[in-house]
Amino acid sequence: MNGYKNTQAGTKAAKSCREQRKDSDNYPENENSRTNLLNRLYDEAAGDPRIFWENRATELLSCSRRWDTVVEGDFATGGLRWFSGAELNASVNCLDRHLQNGRGKKAALIWQGENESDATVFTYEMLHREVCRFANVLKKKGVAKGDCVSLYLPMVPELVVAILACARIGAIHNVVFSGFSSVSLQARLHQCKSKILITADAVNRAGRALPLKANADEALDDCPDIKSCVVVRCSKREVQMVPDRDSWFHEEMASPDIGDQCPAEEMAADDTLFILYTSGATGRPKAVAHSTAGYLLYVMYTCKVVFDLKEDELFWCTADIAWITGHSYSVYGVLGLGGTSLIYEGIPLYPDPGRYWSIVEKYKVNIIYTAPTVIRALMKFGTAPVEKYDLSSLRLLGSVGEPINAEAWRWYHDIIGKKKLRIADTWWQTETGGVMISPLVASPPEKAGAAAHPLPGISAMVVDELGQQVERGRPGRLVITSPWPGMFKEILRARKKTDRRGGAVTSTGYDTGDGARKDQDGYYWITGRVDDVINVSGHRLGTVEIESALLTHKSVAEAAVVGIPHSLKGQAVYAYVILKSSFEQSGELLEELRDHVRAMIGPVATPDVIQYAEMLPKTRSGKIMRRVLKKIAADEYEHIGDVTALADPSLIVDLVEGKKKH
Ligand code: ATP
Ligand code: MG
């Protein structure tokens with residue numbers, strides 16, 4: 001068993017975590033004071049952005065040396081740099097300063113294993129100790145400031161410990177999702193030139209222990225640079241340990257020469273805190289690097305302004321820490337603010353579709369932050385699995401990763417939020433570091449499916465292909481027009497790219513690669529990826545709108561829409577549809593679905609083809625890979641593209657078979 005498992009039984013852990021949460025609060029209490037705070041922030045941001053961000057940094061960051069300048073450079077000339085001259089350490093900001101502020105006994109991290117009785121609570125003191133110890137282990141293994149450490153771990157507390165230990169000694173962490181194959185892992189190890197890998201024996205999934213160390217071994221066969229591999233014990237699975245290279249995490253941590261204290265490395269503001277790969281929805285996953293001061297400030301700021309995280313609240317971000325959402329809102333944002341973060345090892349459907357809600361009840365979770373793909377998966381099971389649990393502790397519901405279609409929004413709002421809770425539908429990207437656009441207050445009323453408003457300090461614009469702002473109501477490309485501290489380092493260097501799928505810097509700003517529309521009330525709606533826009537007879541249609549229309553039909557569980565070449569119209573709409581289990585595939589139903597889209601949007605959006613599917617190709621983070629569906633719809637089976645990020649490559653064969661029937 002791993003070193004942390006079963007140190008406390010689940011219910012005891014839940015009880016103690018509630019007791020350990022500190023009961024003071026210096027955040028606004030009600031909607032009025034929150035609106036006032038936001039108005040103040042918007043007013044301030046309308047002035048000099050340097051002063052705005054300087055004030056946020058003064059409020060939120062602990063630096064051992066203060067910055068000389070807030071931001072240098074701009075989009076047009078490049079060379080953007082935040083908080084030059086500052087020195088700080090991210091692990092000190094997430095741990096040490098909370099010990100000094102009386103939060104030592106407060107729960108920092110709650111871990112719930114897939115197995116109900118596997119649960120552990122780490123107070124700030126305990127987490128600090130574990131982080132220092134593992135930082136000392138890394139140093140003993142020869143890791144120094146600036147080195148890259150790769151982490152290939154499931155959702156266990158050792159992952160958080162290892163991340164913060166890297167930050168402590170100034171090593172750059174590179175977290176690789178534990179669901180990736182040895183091939184994907186190997187490519188990422190080569191690219192970042194790691195000398196050390198931290199992994200686990202196995203991943204616990206749906207009651208089984210799936211091998212992980214064996215994958216790592218395969219990847220390491222051709223990684224001569226990796227000199228050490230530290231293995232976390234998560235199961236009883238037998239593993240091969242390679243002498244002189246492999247060692248157990250718990251044995252390293254228990255070694256008598258490993259101390260409880262580890263001085264933190266002073267890092268320059270612009271030093272790289274971590275690298276991380278994007279999801280790979282639109283192409284090969286891209287490595288993104290984030291800076292220390294700008295990133296840390298931005299995730300703390302957004303955690304406060306979007307979620308209004310209060311001192312005694314429990315925040316549960318359900319994303320795997322291997323994605324940016326987990327980095328920003330399971331680790332750095334919540335711990336930077338001195339909050340309590342819950343992480344869960346397993347999947348939402350195990351042992352049954354009520355698992356998430358049982359965790360909410362057990363720990364009295366206040367804020368849950370999840371993805372539309374999870375909501376859609378749980379909706380299929382109806383309300384019974386939800387009704388068994390008391391969800392009254394919930395105060396706010398978050399969503400991220402994809403546009404949330406209106407049906408899923410309603411279910412989340414009505415069934416989970418009991419029609420009372422606000423939904424923060426947060427739009428952002430790996431590249432942006434933290435949330436950029438989100439509904440922030442309940443009034444004026446949220447619009448189901450709108451990402452709503454840029455945060456105070458963030459300026460956005462919807463532009464056409466020539467970079468000119470489009471009128472309200474018309475779709476275009478979403479561009480961020482002024483620099484923000486969470487921007488990834490490649491933008492900081494302002495390297496112009498010909499690749500237009502996002503991440504491109506123009507003199508107008510940062511082109512996100514996403515399509516958006518700003519409505520007459522000033523709300524932003526994300527319409528999907530710009531590359532996915534379908535142009536039917538000159539009408540530009542976002543994939544999201546047509547998919548949302550299909551999803552309002554009673555028979556449809558999931559839908560994905562792509563454009564295919566059409567000799568007259570330029571492009572035609574091709575839809576893939578997964579039916580709910582109680583519906584039968586039939587020709588009549590296809591006609592009905594076509595009529596449904598026609599009635600909801602208009603004749604121009606009517607799909608030329610609707611193909612029934614059993615599954616849709618998704619990235620490991622649960623996003624639909626429309627580029628794969630587009631190739632299949634266009635009969636371009638030979639050029640499917642990079643599918644390393646695809647969760648289940650075998651389903652392509654089924655989709656191709658299905659296509660051939662049309
Ligand atoms: P890749 O960049 O490799 O194609 P990816 O863009 O899916 O993958 P991420 O950085 O994880 O990788 O995801 C960011 C993207 O997710 C955004 O650009 C946007 O398309 C989508 N997204 C995230 N949150 C939302 C949201 N609330 N509404 C709409 N779209 C969202
Ligand atoms: Mg992207």
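Order of listing sets the numbers, starting from 1, for every ligand and every atom in it.
In this pair, Y298 and Y301 present their aromatic rings tilted. The plane angle is within the 30 to 60° band. Taking the six-membered ring for Trp and thresholds of 30 and 60 degrees, F307 and F315 have ring planes more than 60 degrees apart, a perpendicular arrangement. Between H173 and Y332, the two ring planes are parallel [angle under 30°; tilted spans 30° to 60°].
Between Y510 and F75, the distance separating the two ring centers is not shorter than 6.0 angstrom.
Checking only distances, Q429 does come within under 3.5 Å of ligand 1, N or O to N or O.
The option from T282, I324, D514, D531 that lies nearest to atom 20 (O) of ligand 1, judged by heavy atoms, is D514. Looking at G280, S399, P403 and measuring to atom 29 (C) of ligand 1, the nearest heavy atom belongs to P403. Of the listed residues (P285, G513, G401), the one carrying the non-hydrogen atom nearest atom 24 (N) of ligand 1 is G401. Distances from atom 6 (O) of ligand 1 to the heavy atoms of E402, E431, K623, R529 show the closest one on R529.
The shortest distance between side-chain heavy atoms of Y42 and L440 falls below 4.5 Å. When side chains are defined from C-beta on, C223 counts as touching H190, because their heavy atoms get closer than 4.5 Å.
Short contacts between ligand 1 and D425, defined as distances under 4.0 Å to a heavy atom of the residue, involve ligand atoms 26 (C), 27 (N). Taking every heavy atom of T430 and a limit of under 4.0 angstrom, the matching atoms of ligand 1 come to 9 (P), 10 (O), 11 (O). Listed by number with element, the atoms of ligand 1 under 4.0 Å from a non-hydrogen atom of K286 are 2 (O), 3 (O). If you number the atoms of ligand 1 from 1 as listed, the ones under 4.0 Å from a heavy atom of I526 come out as 29 (C), 30 (N). The distance from ligand 1 to the heavy atoms of A281 drops below 4.0 Å at these ligand atoms: 1 (P), 3 (O), 4 (O), 7 (O), 8 (O).
Around atom CZ of R474, no more than 12 heavy atoms belonging to other residues, nucleotides or ligands sit under 6.0 Å away.
Here W428 has backbone heavy atoms under 4.0 Å from ligand 1, and that is the only part of it that gets that close.
The closest approach between W427 and ligand 1 falls below 4.0 Å for a heavy atom of the residue.
When each of R627, K630, K631 is checked for a salt bridge (charged side-chain N to carboxylate O under 4.0 Å, His left out) with E636, only K631 meets the rule.
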